[in-house]
There are 2 protein chains.
Amino acid sequence: MVTLKDVAKRAGVSVSTASYSINGSSLITKETKQKVLLAAKEIGYRTNGPAKNLKEKKTNIIGLFLSGFTGPFFTDMMEGIQDVVIQNGYELMVYASDDNHRLLVERYVDGAIILNHHMEDSFLKAIADEKLPCVVLDREIKTPFINHVLLPNEQGSAMAVRYLLEKGHNRIGYMAGSRESYDGEMRLKGFKTEMKKYNRSFSRKDLLRADFTESSGYLAMSQYIEKRTQDVPTAFICANDEMAMGAIRAIKEKNLKIPDDIAIVGFDDIYVSKHFSPSITTIKVPRKEWGTIAAQSLFKMMDSTYDAETMEAVSVELMSRTSG
Amino acid sequence: MVTLKDVAKRAGVSVSTASYSINGSSLITKETKQKVLLAAKEIGYRTNGPAKNLKEKKTNIIGLFLSGFTGPFFTDMMEGIQDVVIQNGYELMVYASDDNHRLLVERYVDGAIILNHHMEDSFLKAIADEKLPCVVLDREIKTPFINHVLLPNEQGSAMAVRYLLEKGHNRIGYMAGSRESYDGEMRLKGFKTEMKKYNRSFSRKDLLRADFTESSGYLAMSQYIEKRTQDVPTAFICANDEMAMGAIRAIKEKNLKIPDDIAIVGFDDIYVSKHFSPSITTIKVPRKEWGTIAAQSLFKMMDSTYDAETMEAVSVELMSRTSG
DNA sequence: TTATTTCATTGAAACGTTTCAATAATATGT
DNA sequence: ACATATTATTGAAACGTTTCAATGAAATAA
């Protein structure tokens, strides 16, 4: 391995001079600097990051910790995060894990954005206790060094409910995602409370469970219709658009009309929703903005002159299209 | 920061004993080990990864270097890679960049999988020269420490061409993606040579350029049809399914029938292709397997007892559906 | 000329680990 | 009892950086 020592030797200077030169200190004279840079290039010197990190006690890396890489939802969000991270002169490292979280635990990052239900609150608190700034996207936590940026999920569900009620639907079913998802459960909660608020009954039998994928949505809806034949709601709200697509596919397959027999409202407004057939009425979530705000909030915390949280809010909007 | 020294002090042992205990050396007696572990827990000790890396000269991290996070194509591949990496006791870190590649340059990873047209061949060769094993997915490079796992793109295009010729199409158009994509250009090349092989002419005017997204495919096809009204091929091959979806949307919008007026064949077989309306005839690429093989190939190289490349091949298959 | 200031370079310590070689303590064989 | 082997613990060096404090050289002031 080519080290700074090798560079120094070849350039005929000391290690410290080499270091200063490479890091562009103004003390070093132009010629020596050039000499060092040349030597470095000639023998192919590359900084050893871990060594540098050790000395400087920082990595200039921000970690994004997800439970998995799956789904079209997250890529937009990642882009938003990435932009801000780069602007701030850091690198973004994305990491998916379900048990050990080595890269977070072992100080590979200077800050973290977390959307990973495999991480316990207590674990995150322990991390934050050691002054590692975190932004959590999938829970509410009140601790120094942890901020959270949440989606207005309940509000979104409420909008969907009101929209369908206005259209004259009285019995509305709900297709929920897997229980581990914070956003998912909040969407369900918002749905239930809004229904109650308008005195509409919602029975357990009209609650379908799937796992946010198209195929799971398809399966759940197929089975539901087969089981209850005629006894189905005139509308369904789905906790995300992918499941809505699956549900629609199942409904079409049974020769029922959308939205005449069953209306469908999704959540997220992923790219295809607009172009799907029928186009999907849905709650638009500004995913990229969500990422941006999360990252900004992180850097705000990392700034030493940090004074409590000034949380910008993410807002949500109903896109009325043909499916519902 | 809580260090090993603090743990040692609290446990009343030396730093080395603490280190051995934590790393589970068999030399240390059970009681001391317990004492150390307890102390570590009490004061919340966490290994400093960079320090450890520095000493051990390895990070146990594999990097996946992409140009961007966009598109549904890559998530499957990432899953394939992730599985193998975890199995081997490493962590996977995903990183998207378009200019500096710090995490690769500064030795944050023990091995790399690369699918990033922003990286020059010469850069990768320099990296490999320093004995950092790389697997490249988007180019052919012959150097020690670099392996490549390529998709049979040309073969796939050839299959698509033959399929359409057999169906009686004689004039076939092609919708290509952006030029930077190696896979994309290979698909185009395969298309052209197969057309030539069967003595079908292919004029430049039937070559559309888009950038692999649905919207770009839509736009390109819309403009094309508007410009040439009646003078269009009876079939198109698209370099990926997302563009195929866009093209289909454009064609439908002009009230042309698929596949009667224009047949469409895509490439990749992403999840929605099967459920799209019409369902898309396409070349199925085993993405997850691609990732798996790439990662396996990487670990093979990293194994000291490595003896040249024994490349497993990825194979491709035509899925005949309704769009073509 | 000598004292003082400025500028460029360097030696050495430090960051938090791991691990070799040395020591201390105990057990075994005679 | 002694020498020897075995086991448990530790001191110290090393990994590749950065950076403080010290040094040396050149320039300025007296």
Side-chain angles (χ1 to χ4, degrees), chain A residues 1-40 43-61 102-103 105-110 130-132, chain B residues 1-40 43-61 102-103 105-110 130-132:
Chain A
M1 180 191 253
V2 180
T3 79
L4 210 46
K5 206 162 134 192
D6 302 318
V7 175
K9 196 187 295 171
R10 176 169 249 261
V13 299
S14 73
V15 175
S16 16
T17 304
S19 173
Y20 281 126
S21 302
I22 283 176
N23 294 306
S25 161
S26 58
L27 282 174
I28 306 296
T29 194
K30 205 167 248 174
E31 299 99 53
T32 10
K33 213 179 275 185
Q34 220 116 59
K35 215 166 45 179
V36 171
L37 260 22
L38 181 67
I43 58 179
Y45 169 76
R46 294 184 290 128
T47 302
N48 181 311
K52 186 179 183 139
N53 296 160
L54 172 56
K55 182 61 194 175
E56 295 188 334
K57 297 196 174 192
K58 68 186 307 247
T59 64
N60 264 273
I61 300 175
R102 185 163 72 89
L103 269 31
V105 172
E106 294 188 0
R107 312 184 138 79
Y108 280 94
V109 299
D110 291 344
E130 300 221 22
K131 308 196 198 316
L132 187 104
Chain B
M1 179 191 251
V2 180
T3 77
L4 210 46
K5 206 163 133 191
D6 303 317
V7 175
K9 195 188 295 172
R10 176 168 249 262
V13 299
S14 73
V15 176
S16 17
T17 305
S19 173
Y20 282 126
S21 302
I22 283 175
N23 293 306
S25 159
S26 59
L27 281 175
I28 306 297
T29 192
K30 204 168 249 171
E31 299 100 52
T32 11
K33 212 178 278 186
Q34 219 116 56
K35 214 166 43 178
V36 171
L37 261 22
L38 182 67
I43 58 179
Y45 169 75
R46 295 183 293 127
T47 303
N48 182 311
K52 185 180 182 137
N53 296 162
L54 173 58
K55 184 60 194 174
E56 295 187 334
K57 297 194 172 195
K58 69 186 306 246
T59 64
N60 264 273
I61 299 175
R102 185 164 71 92
L103 270 32
V105 172
E106 295 188 0
R107 316 184 134 79
Y108 281 93
V109 300
D110 290 344
E130 300 221 21
K131 308 196 199 315
L132 187 104

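All values below come from the heavy atoms of this structure, side chains included, with hydrogens, waters and symmetry mates left out. Lettering follows sequence order; numbering is per chain, from 1.
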Is it true that B/T17 and B/S14 share a donor-acceptor pair across their side chains at a distance under 3.5 Å? yes
Looking at B/K52, does any N or O in its side chain come under 4.0 Å of the phosphate oxygens OP1/OP2 on C/dT18? yes
Considering all heavy atoms, the nearest A/I28-A/S21 contact: CG2-OG, 3.6 Å
Can you tell me which nucleotide in C/dT9, D/dT17, D/dA13 comes closest to the side chain of A/T32? C/dT9
With heavy atoms under 4.0 Å as the rule, sort B/N23 into base, sugar-phosphate or nothing. sugar-phosphate
State whether the distance check finds a donor on one side and an acceptor on the other, under 3.5 Å, for side chain A/Y20 versus base C/dC7. no
Quick note, A/L4 side chain, CB onward, closest among D/dA14, D/dG16, D/dT17 is D/dT17
Hey, does the side chain of B/R102 reach the backbone of A/G49 with a donor-acceptor pair shorter than 3.5 angstrom? no
Protein-nucleotide distance (B/I28, atom CD1; D/dT10, atom P), rounded to Å: 8 Å
Should the pair A/K52-B/E106 be classified as a salt bridge under the 4.0 Å nitrogen-to-oxygen rule? no
B/I43 CD1 to C/dG16 P, in whole Å, measures 13 Å
How many whole angstroms separate atom NZ of A/K5 from atom P of D/dG16? 8 Å
More 5' along DNA chain D: B/S26 or B/K57, using each one's nearest nucleotide? B/S26
Counting side-chain heavy atoms from CB outward, which of C/dT9, D/dC15, D/dT17 is closest to A/T29? C/dT9
Go through B/N53 and B/I61 one step at a time and tell me if the side-chain contact (heavy atoms from CB on, under 4.5 Å) criterion holds. CA-CA 10 Å; B/N53 296 162; B/I61 299 175; 5.6 Å; no
Residues touching DNA chain C, which here means a heavy atom under 4.0 Å, drawn from residues 10-19 of chain A: A/V13, A/S14, A/S16, A/T17
Rounded to whole angstroms, how far apart are CD1 on A/I22 and P on D/dG16? 14 Å
Give me the atom names and distance for the closest heavy-atom approach of A/N60 to A/D110. N-OD2, 2.6 Å
Between C/dG16, C/dT9, D/dT17, which nucleotide gets closest to the side-chain atoms of A/A51? D/dT17
Using whole Å, what does the distance between atom P of nucleotide C/dT17 and atom CD of B/E56 come to? 12 Å
d(CG, A/L54; C1', C/dA13) in whole Å: 13 Å
To the nearest angstrom, the NZ-C1' distance between A/K30 and C/dC7 comes to 16 Å
At 4.0 Å (heavy atoms only), tell me whether A/R46 reaches a base, stays on the sugar-phosphate, or touches nothing. sugar-phosphate
Nearest whole angstrom, please: distance from the C1' of C/dT9 to the NZ of A/K33. 13 Å
How close do B/D6 and B/M1 get, counting heavy atoms only, and between which atoms? OD2-O, 3.5 Å
